[in-house]
Amino acid sequence: MTQAARATAARPAGPDASGARILVMLGAPGAGKGTQAERLAARLGLPHVSTGDLFRAALRAGSPLGADVRPYLERGALVPDSVTVDVIAARLAEPDARRGVILDGFPRTVPQAEALERLLASRGGRVAGALYIEVDPDLLVERLAGRRVCTAPAAHLYHVESRPPLVAGVCDIDGMPLEQRRDDEPATVRTRLERQLPPMYEVVDHYVETGILLSVRGDLPIDVITDELVRVVERAEKRA
Ligand code: AP5
């Protein structure tokens with residue numbers, strides 16, 4: 001993406017006509033979307049909705065959705081748009097999403113972005129801002145190799161070096177064991193990056209064109225990035 005494209009944010013805003021504040025988080029696998037979405041959700045008082053977490057919960061539950069998405073997650077490919085959009089539509093219809101949500105990992109293709117726009121427009125809403133965490137692809141493999149995830153449903157995130165738990169292998173928050181995600185194995189990470197980066201860049205360009213992209217650097221300490229995200233959201237809302 002060009003420098004000019006990065007310097008956007010013409011039309012982001014706070015709650016839309018439906019009263020909801022819908023923010024989307026964009027970034028490569030391992031850019032820090034989940035880490036930041038969890039923190040931003042706490043700071044802004046909005047639910048954190050991650051398509052990856054919803055798919056992994058379906059896998060663990062052994063549901064029909066889990067059976068549908070398993071082959072895609074295992075080989076690092078994107079789940080088909082129709083399945084993903086239905087999952088998000090159902091989640092956005094839940095009562096806690098009425099005030100808004102932070103969408104983590106959705107949309108991941110331009111058709112998903114357009115489906116989200118149609119869905120929100122049908123209830124008088126729109127996306128308020130697209131938060132793009134930019135990280136050099138060379139950093140991503142190391143981030144994903146060191147990631148450990150809590151096995152409780154909240155899936156709290158750690159990293160063996162940059163964010164270790166107080167007790168090795170145990171979640172600080174709920175005491176559950178930590179595990180390595182199966183799709184963080186090196187071969188699957190390579191496939192995820194090869195297949196998922198091109199459509200992600202198209203989504204970034206889509207939000208540049210619609211004037212709501214807000215970019216932040218993802219190679220800074222986690223707290224610094226969170227503060228910067230809050231700052232860019234608040235600044236954009238003041239301007240709107
Ligand atoms: P998903 O779970 O969304 O995976 P992802 O997009 O590949 O993103 P990750 O969760 O791997 O990374 P992240 O950016 O959240 O980084 P994190 O914060 O964990 O999706 C999984 C799969 O589901 C996909 O492959 C696909 O098959 C399917 N899927 C999901 N959504 C879909 C959709 N919309 N359409 C189709 N298919 C879909 O951070 C990574 C590590 O780095 C952590 O250990 C963290 O502690 C560390 N870290 C974070 N920030 C920093 C920092 N600033 N400095 C140092 N370390 C850091």
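Here the structure is a predicted model, which is why all the values come from computation and not from measurement. For the numbers below, each heavy atom of this structure counts, side chains included, while hydrogens, waters and symmetry mates do not. Remember, it's 1-based here, ligands and their atoms both numbered in the order they're listed.
Salt bridge Glu74/Arg182: present, at least one basic N to carboxylate O contact under 4.0 Å. Ionic pairing of Arg217 and Glu228 is not present here: no N-O contact between side-chain nitrogen and carboxylate oxygen is shorter than 4.0 angstrom. Between Asp227 and Arg43 a salt bridge is recorded (basic side-chain N to carboxylate O distance below 4.0 Å). Look at Arg190 and Glu194 and you find no salt bridge, because none of the NZ, NE, NH1 or NH2 atoms lies under 4.0 Å from a carboxylate O. Between Arg147 and Asp184 there is a salt bridge, since a side-chain N of the basic residue sits under 4.0 Å from a carboxylate O of the acidic one. Between Arg91 and Asp96, at least one side-chain nitrogen of the basic residue sits less than 4.0 Å from a carboxylate oxygen of the acidic one, meeting the salt-bridge criterion.
Of the protein's non-hydrogen atoms, Gly32 N, 3.2 Å is the one closest to atom 16 (O) of ligand 1. Scanning the protein heavy atoms around atom 47 (C) of ligand 1, the nearest turns out to be Arg143 CD, 3.8 Å. Protein heavy atom nearest atom 25 (O) of ligand 1, with residue, atom name and distance: Gln196 NE2, 2.9 Å. At the top of the distance list for atom 7 (O) of ligand 1, counting protein heavy atoms only, stands Arg192 NH2, 2.6 Å. Atom 35 (N) of ligand 1 has as its closest protein heavy atom Gln112 NE2, 2.9 Å. Given atom 12 (O) of ligand 1, the protein heavy atom at minimum distance is Gly30 N, 2.9 Å. For atom 5 (P) of ligand 1, the nearest protein heavy atom (residue, atom name, distance) is Arg108 NH2, 3.3 Å. Distance from atom 44 (O) of ligand 1 to its nearest protein heavy atom, with residue and atom name: Tyr158 O, 2.7 Å.
Contact annotation: Met25 has no heavy atom less than 4.0 Å from any atom of ligand 1. Using 4.0 Å as the threshold, Gly27 has no heavy atom nearer than that to any atom of ligand 1. Not a single heavy atom of Ser50 sits less than 4.0 Å from an atom of ligand 1. For the pair Arg181 and ligand 1, a heavy-atom separation below 4.0 Å is found. In this structure, Ala28 is part of the shell of residues with a heavy atom less than 4.0 angstrom from ligand 1. Residue contacts with ligand 1 leave out Ile133, since none of its heavy atoms falls under 4.0 Å from the ligand.
Between Asp183 and ligand 1, no N or O atom pair is found at a separation short of 3.5 Å. Residue contacts with ligand 1: Phe106 is placed with no nitrogen or oxygen under 3.5 Å of a nitrogen or oxygen of the ligand (distance criterion only). Of the polar atoms of Lys33, at least one N or O is found under 3.5 Å from an N or O of ligand 1, judged by distance alone.
For the pair Val189 and Asp183, the tightest heavy-atom approach, listed with the atom from each and the gap, is CG2-O, 3.6 Å.
Contact annotation: the side chain of Val101 never approaches that of Arg21 to less than 4.5 Å [non-hydrogen atoms, C-beta and beyond]. Residues Arg108 and Met200 form no side-chain contact, since every pair of their non-hydrogen atoms from C-beta on lies 4.5 Å or further apart. Inter-residue side-chain proximity for Leu40 and Met25 is flagged as met; some heavy-atom pair is nearer than 4.5 Å. Residues Asp174 and Cys150 are in side-chain contact: their nearest non-hydrogen atoms beyond the backbone lie under 4.5 Å apart. Between Pro199 and Val110 there is no side-chain heavy-atom pair separated by less than 4.5 Å.
Put simply, the side chain of Arg126 never gets that close to the backbone of Glu117: no donor and acceptor are under 3.5 Å apart. Remark: the backbone N or O of Gln36 is not paired with any side-chain donor or acceptor of Arg39 at under 3.5 angstrom. Not a single donor-acceptor pair under 3.5 Å links the side chain of Asp81 to the backbone N or O of Gln112.
Residue-ligand proximity, Thr84 to ligand 1, at heavy-atom distances under 4.0 Å covers atoms 33 (C), 34 (N), 35 (N), 36 (C). Ligand-side atoms of ligand 1 in range of Leu144: 11 (O), range being under 4.0 angstrom from any heavy atom. The Gly218 neighbourhood of ligand 1 comprises atoms 53 (N), with distances under 4.0 Å to a heavy atom of that residue. For ligand 1, the atoms closer than 4.0 angstrom to any heavy atom of Ala77 are 26 (C), 27 (O). Proximity to Gly34 (heavy-atom distance under 4.0 Å) selects the following atoms of ligand 1: 13 (P), 15 (O), 18 (O). Less than 4.0 angstrom separates some heavy atom of Gly105 from each of these atoms of ligand 1: 31 (N), 32 (C), 33 (C), 34 (N). Of all the atoms in ligand 1, the ones that sit under 4.0 Å from a non-hydrogen atom of Ser162 are 55 (C), 56 (N), 57 (C). Close contacts of ligand 1 with Pro29, meaning ligand atoms under 4.0 Å from a residue heavy atom, involve 5 (P), 7 (O), 8 (O), 12 (O).
Looking at Ile225 against ligand 1, only its side chain comes within 4.0 Å, counting heavy atoms. Using a 4.0 Å cut-off between heavy atoms, Gln36 makes no contact with ligand 1 at all. With a heavy-atom cut-off of 4.0 Å, Leu78 touches ligand 1 through backbone and side chain alike. Contacts between Leu220 and ligand 1 below 4.0 angstrom, taking non-hydrogen atoms only, involve the backbone exclusively. Here Pro107 has no heavy atoms under 4.0 Å from ligand 1, in either its backbone or its side chain. Heavy atoms of Pro80 found under 4.0 angstrom from ligand 1: none, in either backbone or side chain. Counting heavy atoms closer than 4.0 Å to ligand 1, residue Thr35 contributes atoms from both its backbone and its side chain.
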Kindly determine whether Lys238 and Glu234 satisfy salt bridge (charged side-chain N to carboxylate O under 4.0 Å, His left out), including the steps that lead there. CA-CA 6 Å; Lys238 274 198 200 112; Glu234 289 178 349; 5.5 Å; no
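Judged by the 6.0 Å and 45° rule, Arg148 forms no cation-pi pair with Tyr158.
In summary, of the residues considered (Tyr201, Tyr132, Phe106), a side-chain contact (heavy atoms from CB on, under 4.5 Å) with Leu26 occurs for Tyr132 alone.
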